[in-house]
There are 2 protein chains.
Amino acid sequence: MSTVLVVDDEPRIRKALQVNLVARGYTVSLAATGEEALRSAREEPPDLVLLDLGLPGISGVDVIEGLRGWTEVPIIVLSVREQESDKVAALDAGADDYVTKPFGMDELMARLRAALRRGGADGPDPVVRTGHFELDLGAKRATVGDEEIRLTPIEWGLAEQLVRHPGRLVAQRTLLHEVWGPQYDRETNYLRVHIANLRRKLEPEPSRPRYFITEPGMGYRFEPDH
Amino acid sequence: MSTVLVVDDEPRIRKALQVNLVARGYTVSLAATGEEALRSAREEPPDLVLLDLGLPGISGVDVIEGLRGWTEVPIIVLSVREQESDKVAALDAGADDYVTKPFGMDELMARLRAALRRGGADGPDPVVRTGHFELDLGAKRATVGDEEIRLTPIEWGLAEQLVRHPGRLVAQRTLLHEVWGPQYDRETNYLRVHIANLRRKLEPEPSRPRYFITEPGMGYRFEPDH
DNA sequence: GGGGGCCGTAAAGAACGCGTCAACGGTGCG
DNA sequence: CGCACCGTTGACGCGTTCTTTACGGCCCCC
């Protein structure tokens, strides 16, 4: 899921936004000042910035300009100021949207989805990288080293299910349901065969699995690097 | 300068928006109903849509969905409704921004600039070039070497869908929906025939595809050079 | 030490998906 | 009216993928 950088000097608002965002599955970074925000964004580029205008220190518009110097990450401005001139200044500085407090959380989340949707249009796909192979889930491409590997639909289904829950056990029944359909429950032989094929294509040593681990009697697990 | 499609049933508001937009150098198209808006957008694609929600006939959300079926043009919704659920519905349907009436003209213009800026920033080049052929998506012209190639409407639809997502897998169902319509789901034989025709016209060696790649069981992929 | 699960591997045939071709019917235009 | 073009449809061959079965190894528990 996406990462959202929340910039606000009031701890209560930061907390409220954080809670709401995390509850919806976003990863959240926090910053209390403009300087912090710029540093955080540089070190760990977020997918979206929620920016309060009334910051101590450097102004919100400066933060917008500081971000726009090197990134096109969507910026949604939050502010108590209703003055049109403030809105115009922030939007023309490069903000994508401007929401006045108090705001409804549902509306803010909808605006956030809208901003992310746009950014996601030609943004990079969710890519899973390991030391040996790489899976581009959006484009459905798999590469090991420099060469492209073809996965069959079933192999994609298995890889996707496992990779989407890194480090976690995925039950055999879950895999069968998601890949073959709900009427498949006990065909674990399918899993054995196709997991073997997947390993043959993606593992450095197929007979000694390092990424797609068997949990006997239970299921399989994708183990990312370190 | 950019073209803005203004959709509102009240002549006075249409006029007011038109005047303000023209004064700022935009070209303006007008529509009084949702049907008109969809037709106008199709015949003469605008760079931005200003859409009033309170339309007679088909609803504003329907207009948004109708547009989003084939274009990513920025849509700014104007509405008297302050209800959060209305905003959420419009934004999640694909609108880019939501402004409640009465609004300040300066703010609206700033939001419009923000939306256009985004659209321009990641606006894809309407011309796709490969080592062997060239597609001008705007002008609907295809050339191989020096000579012009005629593509049928279906071939254009397929080529456009694929080329608009370079390197990405486009699912069979997606192609069928976008080119033939949502009621087509399993007619993969259509795809086989028409993709073959497309390759015959655009591929250097139609029997050994280099640009329009088949991903068995899943879909097709446009592979750009290098 | 023996036995039963459970797993990985291999190999077979069956089923599927794809590309190709040819024929048919509709439509627009000269 | 006839022609050209386009989309639809069905049939066929081919390669790939999936299913199915069989066998051998490993581990744990009895």
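Every chain is numbered from 1 and lettered A, B, ... according to where its sequence line falls, protein lines coming before strand lines.
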**Q** Output all residues satisfying side chain to side chain donor-acceptor pair (under 3.5 Å) with A:Arg168, sequence neighbours left out; order by chain, then residue number.
**A**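 With sequence neighbours excluded, A:Arg168 shows a side chain to side chain donor-acceptor pair (under 3.5 Å) to no residue whatsoever.
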**Q** Would you mind classifying the nucleic acid contact of A:Ser207 as base, sugar-phosphate or nothing, using non-hydrogen atoms under 4.0 angstrom?
**A** sugar-phosphate
**Q** In whole angstrom, give the distance that lies between atom CD of B:Glu187 and atom P of D:dG10.
**A** 11 Å
**Q** Evaluate the ring planes of A:Tyr190 and A:His194, with Trp represented by its six-membered ring, and classify them as parallel (under 30°), tilted (30 to 60°) or perpendicular (over 60°).
**A** perpendicular
**Q** With nearest nucleotides of DNA chain C determined for B:Arg200 and B:Gly219 from heavy-atom distances, which residue corresponds to the more 5′ nucleotide?
**A**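 Mapping each residue to its closest nucleotide by heavy atoms, the 5'-most match is B:Gly219.
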**Q** Which residues pass the side chain to side chain contact (heavy atoms under 4.5 Å, CB included) test with B:Ser2, not counting sequence neighbours?
**A**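 Testing B:Ser2 for side chain to side chain contact (heavy atoms under 4.5 Å, CB included), a comparison that skips the adjacent residues, returns B:Tyr26, B:Asp47, B:Leu116.
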**Q** Of B:Arg192 and A:Met218, whose nearest nucleotide on DNA chain C comes first from the 5' end?
**A**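 Closer to the 5' end of DNA chain C: A:Met218.
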**Q** Pairing donors with acceptors under 3.5 angstrom, does anything connect the side chains of A:Asp185 and A:His177?
**A**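 There is such a pair (donor and acceptor under 3.5 Å, judged by atom type) between the side chains of A:Asp185 and A:His177.
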**Q** Cation-pi between A:Arg42 and A:Trp70: NZ/CZ under 6.0 Å from ring centre and within 45° of the ring axis?
**A**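 A:Arg42 over A:Trp70 ring: yes.
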**Q** Can you list every salt bridge (Lys or Arg N to Asp or Glu O under 4.0 Å) pair that touches residues 9-30 of chain B, not counting sequence neighbours?
**A**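 Found B:Arg24-B:Asp106.
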**Q** Is it true that B:Asn189 and B:Arg192 share a donor-acceptor pair across their side chains at a distance under 3.5 Å?
**A** no
**Q** First and last nucleotide of DNA chain C in contact with chain A, 5' to 3', at under 4.0 Å to a heavy atom: what are they?
**A** C:dC6 to C:dA10
**Q** Distances under 3.5 Å only, N/O to N/O: pair up the protein atoms with those of nucleotides 4-8 of chain D.
**A**
unit_1	atom_1	unit_2	atom_2	d
D:dC6	OP1	B:Arg150	NH2	3.3
D:dG7	OP1	B:Thr152	OG1	3.4
D:dG7	OP1	B:Ile154	N	3.4
D:dG7	OP2	B:Thr152	OG1	3.0
D:dT8	OP1	B:Trp180	NE1	3.4
D:dT8	OP2	B:Trp180	NE1	3.0

**Q** What pairs with A:Glu203 under side chain to side chain contact (heavy atoms under 4.5 Å, CB included), at least two apart in sequence or on another chain?
**A** A:Arg199, A:Pro209, A:Arg210, A:Tyr211, A:Phe212
